[in-house]
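Order of the sequence lines sets the chain letters (A, B, ...), proteins ahead of strands, with each chain counted from 1.
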Protein chains: 2
Amino acid sequence: MSKTENHISGAGGDTEFADIFAALGDPTRLAIFDRLSDGQARSIAVLSDDADMTRQAVTKHLRVLENAGLIESHRIGRESRYVFCPDRLALARAWLDHVAGRWDGALMRLKSFVEDGPAPSCDKHLKVKED
Amino acid sequence: MSKTENHISGAGGDTEFADIFAALGDPTRLAIFDRLSDGQARSIAVLSDDADMTRQAVTKHLRVLENAGLIESHRIGRESRYVFCPDRLALARAWLDHVAGRWDGALMRLKSFVEDGPAPSCDKHLKVKED
DNA sequence: AAAACATGCAACTTTTTAGTTGCGTATTGA
DNA sequence: TCAATACGCAACTAAAAAGTTGCATGTTTT
């Protein structure tokens with residue numbers, strides 16, 4: 001396995017995913033990201049128009065999203081245009097899917113436990129796990 | 001439509017989703033949430049065991065996750081047990097799916113634009129949108 | 001060339017977050 | 001009963017995030 005943990009939920013390699021979620025964890029950034037999801041490239045000035053804050057503040061939010069890999073910027077003439085970037089979004093979705101799937105699996109196992117009775121070596125169900 | 005915006009991406013109702021992502025936007029909380037996704041209820045003490053910080057710090061993280069609706073707590077005797085809570089997670093997934101779907105749609109429209117030529121009243125593609 | 005536009009950088013204030021420590025209380029078990 | 005366990009609350013520090021202002025720079029437009 002390479003040093004850059006690329007598998008889902010590497011028990012400590014959560015930092016990469018946390019950065020993505022942290023970038024989305026702000027209403028302003030969420031709105032910007034949502035707006036850019038139509039694929040249109042937009043300048044900072046345009047993105048600042050309907051935000052109730054300074055252009056500089058919007059710029060900072062854009063940098064956060066960019067550092068998280070959720071958007072990209074390229075300069076055209078005097079303006080910086082930001083575009084949607086789907087890769088990290090896919091990663092975040094994969095992580096949530098993984099977690100949700102794990103819970104579904106646990107549900108199913110609990111269901112068969114109730115229906116079929118305890119499976120072999122299954123005596124600690126519904127107790128606090130010591131890990 | 002009710003006052004509590006329940007549809008996906010209500011252009012201003014992003015705060016609810018932002019709270020969910022913000023709660024996940026921390027490596028410690030992400031690890032806790034991942035750990036709880038197996039459906040097992042765990043006490044604060046157990047969850048603090050392999051965290052390199054104080055029990056109080058872990059408690060605060062648990063409160064953040066709980067306020068976001070991602071986990072729930074119930075007290076049994078002298079201990080508080082936290083359990084996974086799938087509802088808000090589903091919301092977050094739905095939001096990401098919505099955004100990803102919007103981008104896929106934009107891609108497809110761009111593809112047919114390239115293949116079939118500009119559609120009627122479609123003269124502003126690839127320009128900065130003024131909104 | 002001059003004005004208007006779009007942005008970047010740096011310094012600053014304010015607020016939030018992360019984490020700690022100390023202490024008090026209820027619960028469990030010997 | 002006594003000690004260990006599990007937790008909550010409050011006060012505190014330190015660091016990061018959010019946002020502002022002022023100014024400098026490059027780019028269009030007229």
Visitor: List in chain and number order the residues that pass side chain to side chain contact (heavy atoms under 4.5 Å, CB included) with B/Ser48, two or more places apart in sequence or in another chain; answer none if no residue qualifies.
Guide: B/Ile44, B/Arg55, B/Val58
Visitor: Report the distance from atom NE2 of A/His98 to atom CG of B/Asp34, rounding to the nearest 0.5 Å.
Guide: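 Here the rounded value is 5.5 Å.
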Visitor: Between A/Leu47 and A/Asp50, which heavy-atom pair has the shortest distance, and what is it?
Guide: O-OD1, 3.8 Å
Visitor: Could you give the CE-to-P distance, from A/Met53 to D/dA18, as a whole number of Å?
Guide: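 It is 10 Å, rounded to the nearest whole Å.
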Visitor: Measure all distances between protein nitrogen or oxygen atoms and nitrogen or oxygen atoms of nucleotides 23-25 of chain C, and list the pairs falling under 3.5 Å.
Guide:
none

Visitor: Just verifying a value: how many Å separate A/Leu65 CG and A/Arg88 CZ, rounded to the nearest 0.5 Å?
Guide: 12.5 Å
Visitor: Nearest whole Å is fine: how far is D/dA18 C1' from A/Asp52 CG?
Guide: 13 Å
Visitor: Does any residue of residues 58-68 of chain B have a heavy atom under 4.0 Å from DNA chain C, and if so, which ones, in number order?
Guide: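 Of all residues in residues 58-68 of chain B, the ones placing a heavy atom under 4.0 Å from DNA chain C are B/Lys60, B/His61.
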Visitor: Hey, could you give me the CG/CD distance between A/Asp19 and A/Glu16, rounded to the nearest 0.5 Å?
Guide: 8.0 Å
Visitor: Would you kindly give the CG-to-C1' distance between A/Asp49 and C/dC5, to the nearest whole Å?
Guide: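 Atom CG in A/Asp49 sits about 13 Å away from atom C1' in C/dC5.
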Visitor: When all nucleic acid strands are considered with a 4.0 Å heavy-atom cut-off, which category describes B/Ala57: base, sugar-phosphate, or nothing?
Guide: base
Visitor: Under 3.5 Å, sequence neighbours excluded: what are the donor-acceptor pairs made by side chains of residues 69-78 of chain A?
Guide:
unit_1, atom_1, unit_2, atom_2, d
A/Ser73, OG, A/Glu66, OE2, 2.8
A/Arg75, NH2, A/Arg78, O, 3.4

Visitor: For residues B/Phe84 and B/Ser37, report the shortest heavy-atom separation together with the two atoms involved.
Guide: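 Minimum heavy-atom separation between B/Phe84 and B/Ser37: CD1-CA, 3.4 Å.
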Visitor: Shorter than 3.5 Å, N or O on both sides, protein versus nucleotides 27-30 of chain C: list them out with atom names.
Guide:
unit_1, atom_1, unit_2, atom_2, d
C/dT27, O2, B/Arg78, NH1, 3.2

Visitor: Just to verify, what does B/Arg93 make a side chain to side chain donor-acceptor pair (under 3.5 Å) with, not counting sequence neighbours?
Guide: A/Asp97
Visitor: Whole angstroms only, please: what is the CG-C1' distance between A/Leu47 and C/dG8?
Guide: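 Result: 16 Å.
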Visitor: What's the NE2-P distance between B/His74 and D/dG8, to the nearest Å?
Guide: 13 Å
Visitor: What are the two closest non-hydrogen atoms of A/Asp38 and A/Arg42, and how far apart are they?
Guide: OD2-NH2, 2.9 Å
Visitor: Within the distance-only criterion (no hydrogens, no angle test), does the side chain of B/Arg29 pair as donor or acceptor with the backbone N or O of B/Ala22 below 3.5 angstrom?
Guide: yes
Visitor: To the nearest Å, how far apart are B/Ile32 CD1 and C/dA18 C1'?
Guide: 13 Å
Visitor: When you compare the side chain of A/Trp95 with that of B/Leu30, does any pair of heavy atoms fall below 4.5 Å?
Guide: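 Yes, close enough: below the 4.5 Å cut-off.
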Visitor: If two hydrophobic side chains count as joined below 4.5 Å and joins carry through other members, does A/Val64 share a cluster with B/Leu96?
Guide: no
Visitor: Taking N and O atoms by type only, does the side chain of B/Gln56 place a donor or acceptor under 3.5 Å from a partner on the base of D/dC7?
Guide: no
Visitor: Measure CZ/A/Arg81 against P/C/dG8 and give the value in whole Å, please.
Guide: 13 Å
Visitor: Counting the atoms with a prime plus P, OP1 and OP2 as sugar-phosphate, which does A/Ser80 contact under 4.0 Å by heavy atoms, base, sugar-phosphate, or nothing?
Guide: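 Result for A/Ser80 = sugar-phosphate.
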Visitor: A/Thr54 side chain N/O closer than 4.0 Å to the phosphate oxygens (OP1, OP2) of D/dG19?
Guide: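 Answer no for this pair, as no side-chain N or O of A/Thr54 is under 4.0 Å from OP1 or OP2.
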Visitor: Whole-Å distance between D/dA18 C1' and A/Arg29 CZ?
Guide: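 Whole-Å distance recorded here is 9 Å.
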